[in-house]
Amino acid sequence: NAGVTQTPKFQVLKTGQSMTLQCAQDMNHNSMYWYRQDPGMGLRLIYYSASEGTTDKGEVPNGYNVSRLNKREFSLRLESAAPSQTSVYFCATRAGTGETEAFFGQGTRLTVV
Amino acid sequence: ELKVEQNPLFLSMQEGKNYTIYCNYSTTSDRLYWYRQDPGKSLESLFVLLSNGAVKQEGRLMASLDTKARLSTLHITAAVHDLSATYFCAPHMDSNYQLIWGAGTKLIIKP
């Protein structure tokens, strides 16, 4: 069981380039999330998808777009990368929106130069 | 808006000592989660606290939740080096079903 798989693990982009971070889960969970983690700031929610076919903005959505391709996959796109988007990105899943805990992927370390 | 404050943010301690990490949050939340993160790694679930007065223990770690005081604690008993990590608390925000994350407490336990 892979759980939550993120690709790539590392990426360096030039300012203005675009890229898509991929997340796939085999846990049959309904809810999926994209967070960014910056030093000393905990996790900040970028976008989430409560169920297949729905997406909603989180705390810091500017500069990002998402697609919930199917129940398993939730991608995060940076259309025009900026140095402020240098961060570690985590995908997470939850079975539902109630009492369940979140399970995390291994993270993508993104540097924008 | 729910705000979460963890303290201390950094803690260096000797093996064998006891200590407590505090997680305060600003608005009503009836459940809270604790996670551990090792350097360069992902987050791993430690405890799920689902009601007022909930107490969970795993090895040398014990977590509790007081929803009336809007406070959760993570107590470390007789610390060992392997517990060195960053610990996050995350209360659940009922209005939109999100977890709101504290900044994390970086714990270093010296042999």
Side-chain angles (χ1 to χ4, degrees), chain A residues 2-10 21 23-25 27 29-51 54-61 87-111, chain B residues 1-11 21 23-26 29-52 54 56 58 63 65 67 72 85-107:
Chain A
V4 183
T5 303
Q6 287 182 237
T7 55
K9 289 186 171 51
F10 301 93
L21 283 65
C23 177
Q25 52 109 353
M27 306 177 80
H29 284 175
N30 288 317
S31 301
M32 298 185 74
Y33 305 81
W34 277 106
Y35 291 97
R36 60 179 288 173
Q37 184 177 34
D38 301 296
M41 298 187 72
L43 294 175
R44 292 185 291 169
L45 182 64
I46 304 170
Y47 271 94
Y48 67 99
S49 171
S51 62
T54 68
T55 60
D56 285 288
K57 294 178 181 179
E59 182 185 357
V60 289
S87 188
V88 180
Y89 292 85
F90 285 101
C91 175
T93 72
R94 293 172 75 191
T97 53
E99 298 179 347
T100 58
E101 65 204 283
F103 295 85
F104 285 82
Q106 289 304 301
T108 296
R109 188 171 296 273
L110 175 67
T111 302
Chain B
E1 181 186 343
L2 190 153
K3 296 193 180 206
V4 184
E5 185 176 303
Q6 279 184 242
N7 69 82
L9 296 181
F10 179 80
L11 176 59
I21 299 170
C23 175
N24 293 271
Y25 52 96
S26 59
S29 173
D30 62 358
R31 66 194 83 133
L32 186 140
Y33 302 78
W34 282 96
Y35 281 79
R36 168 183 173 144
Q37 185 178 36
D38 292 308
K41 303 293 186 182
S42 187
L43 286 88
E44 172 189 358
S45 178
L46 287 176
F47 297 110
V48 180
L49 303 169
L50 296 177
S51 61
N52 185 41
K56 295 275 185 76
E58 179 75 31
L65 178 62
T67 58
S72 180
T86 299
Y87 293 86
F88 292 92
C89 68
H92 181 266
M93 193 152 76
D94 296 337
S95 59
N96 64 4
Y97 309 108
Q98 300 307 318
L99 302 182
I100 308 300
W101 296 83
T105 296
K106 184 172 184 177
L107 176 63

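All of these numbers come straight from a predicted model, not from anything done at the bench. Chain naming here is simple, since letters A, B, ... match the order of the sequence lines and numbering starts at 1 in each.
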Region of [X] in contact with chain B, defined by heavy-atom distances below 4.5 Å:
X         : answer
Arg44(A)  : neither
Gln37(A)  : side chain
Leu45(A)  : side chain
Ala102(A) : both

*Return yes when atom NZ of Lys56(B) has more than 12 non-hydrogen atoms of other residues, nucleotides or ligands closer than 6.0 Å, and no otherwise.*
yes

*How about Phe104(A) and Trp101(B): are their ring centres within less than 6.0 Å of each other?*
yes

*Taking the six-membered ring for Trp and the single ring otherwise, decide whether the centroids of Tyr35(B) and Phe47(B) are under 6.0 Å apart.*
no

_Quick check on Leu99(B) against chain A: is it the side chain, the backbone, both or neither that has a heavy atom closer than 4.5 Å?_
both

*Is it the case that Gln6(B) and Thr105(B) place a side-chain donor and acceptor less than 3.5 Å from each other?*
yes

_Min side-chain heavy-atom separation Cys23(B)-Leu32(B) under 4.5 Å_ = yes

